[in-house]
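These notes are about the structure you will find just below.
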Amino acid sequence: MAEQKSIHGLWRSRWLFILAATGSAVGLGNIWKFPYITGENGGGAFVLVYLACICLIGIPVMIAEVTLGRLGRQSPINTMHALTKDQNANRLWGGIGWMGAVAGFLILSFYSVIAGWSLAYIFRMAGGAFDGATAESVGATFGNMLSSPETLLAWHTIFMVITIGIVARGVNKGLERSISIMMPLLFLILVVLLGYSMSTDGFGAGFEFLFSFDFSKLTGESIIVALGHAFFTLSLGMGAIMAYGAYMPKKSSIGKTVLTVAFLDTLIALIAGLVIFPIVFSNGLEAGAGPGLLFQTLPLAFSHMPGGTLFGTLFFILVAFAALSSAISLGEPVVAWAVESKGMSRVAAATWIGIVIWILGIGTILSFNLWSEYKLFGKTLFDTLDFLTANIMLPLGGLLIAVFVGWAMNKADVKEEVKMGSPLMYTIWRFVLMFIAPVAVAIVLVNGLI
Ligand code: PFF
């Protein structure tokens, strides 16, 4: 097909795409969700299944999603619209773009609330709120925060304003610039924290927890959680990576670039585990604390360690950076669409979309306090949104992307765009995309629904 141009600009280099896509991928999913689901699912064997899901399904689907973006060079909605036309495919495929846009709205609305917790904890940690803490006192601090809609709203508002401020400045002045500051700092803080955790008594136990494979602890449910998480952590299935692919320079090989992003995302999740579990174990605490692992177990652990205030503060700065670099990728696809199709300026588009997402976020806030009794199929609004997006919409989006690229598109167009380098790699990728990924994802989807 004819070469398209992006009206939003391009990443200045392949490395900036890698940093931006890694920024999108590395987020609350790596630092908050991965450690606690690993804790809940027994450790090493779960990690192994998760790695298999990343390699077998995540990477092939990510290559497909970036390819779509770079071919279309527009927001996911318009890219899908243009590609279905160009490829003479059924117009219903355009639904991939629309569903992704809805998923982006919903995810960002709750993601911002949780990211707000990490902002709040930077100040609590730095202000010494956890000095001499006990299990009861950290539980009470977390509980008090959740039960106060005003506190949650204030931090959600601050986080949304920063996110929208970056997206409003555009690809080069906003996204690229903020990423080039945040990502190196994120790596640096992570390495410092790894050094710190290596100096604790619990490092051996933490290492063993992550890397000793006890398959007796693995259940069918863990496999589904691992596959669902592979989509969430790589930001797949909703167009974030497609939008970033639209700004990727033409020369770069998509296969190699995606491998680098997936490698960095996985490495960072594993390092986050190697930071968190040793600190938890060296204080004799439990790994299976669930979602509270980061906001209750960890502050308690830090409060009993030398330098805990400093390293604890650094830790929550790390979480906030990771969340912010993902949040901008959740906002970008819809803002880009409003600029292209509604003739809005970036600032106006980002502001209006930001306001709608901010309002949606209030629902998540209230589901932790005033509305905590209102449940749909036994889930609060926040749990419903998390389930609907991570377990249904992202895998469904990923499945449709795999089928569209694998079955509906012209083979030669796809082959020319991915520039896989080695013919063998290309054949393997195509096979996995056409057969293995759709079947595996369909199984997860059906299980998620039941
Ligand atoms: N990958 C992000 C994380 O691991 O926290 C979450 C995410 C970002 C999911 C962007 C989906 C997305 F489009």
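Just follow the structure's listing: the first ligand is 1, and inside any ligand the first atom is 1.
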Between Trp407 and Phe435, ring centroids under 6.0 Å:
yes

For atom 11 (C) of ligand 1, the protein heavy atom that lies nearest, with its residue and separation
Ser235 CA, 3.6 Å

Which atoms from ligand 1 have a heavy atom of Ala240 less than 4.0 Å away?
13 (F)

Residues, nucleotides or ligands: over 12 heavy atoms within 6.0 Å of Met344 CE
yes

Val47 versus Thr38: any side-chain heavy-atom pair under 4.5 Å?
yes

Counting heavy atoms not belonging to Lys5, are there more than 12 under 6.0 Å from its NZ?
no

Counting from 1 in the order shown, the ligand 1 atoms closer than 4.0 Å to a non-hydrogen atom of Tyr111 are 2 (C), 3 (C), 5 (O), 6 (C)

By number and element, which atoms of ligand 1 are closer than 4.0 Å to a non-hydrogen atom of Met238?
12 (C), 13 (F)

With a cut-off of 4.0 Å, which atoms of ligand 1 are near a heavy atom of Phe232?
1 (N), 2 (C), 3 (C), 4 (O), 5 (O), 6 (C), 7 (C), 9 (C)

Provide, to 0.1 Å, the distance between atom 2 (C) of ligand 1 and the closest protein heavy atom, together with that atom's residue and name.
Ser24 O, 3.4 Å

Donor-acceptor contact below 3.5 Å, side chain Ser112 vs main chain Leu108
no

Provide the number and element of each atom of ligand 1 under 4.0 Å from a heavy atom of Ala25.
1 (N), 2 (C), 3 (C), 4 (O)

Judging by distance only, is a nitrogen or oxygen of Gly29 under 3.5 angstrom from one on ligand 1?
yes

Counting only heavy atoms closer than 4.0 Å, does ligand 1 sit against the backbone of Ser329, its side chain, both, or neither?
side chain

How about Phe295 and Tyr36: are their ring centres within less than 6.0 Å of each other?
no

Should you measure from each heavy atom of Leu28, which atoms of ligand 1 turn up under 4.0 Å away?
5 (O)

Looking at Ser253 and Lys419, would you say the former's side chain and the latter's main chain have a donor-acceptor pair under 3.5 Å?
yes

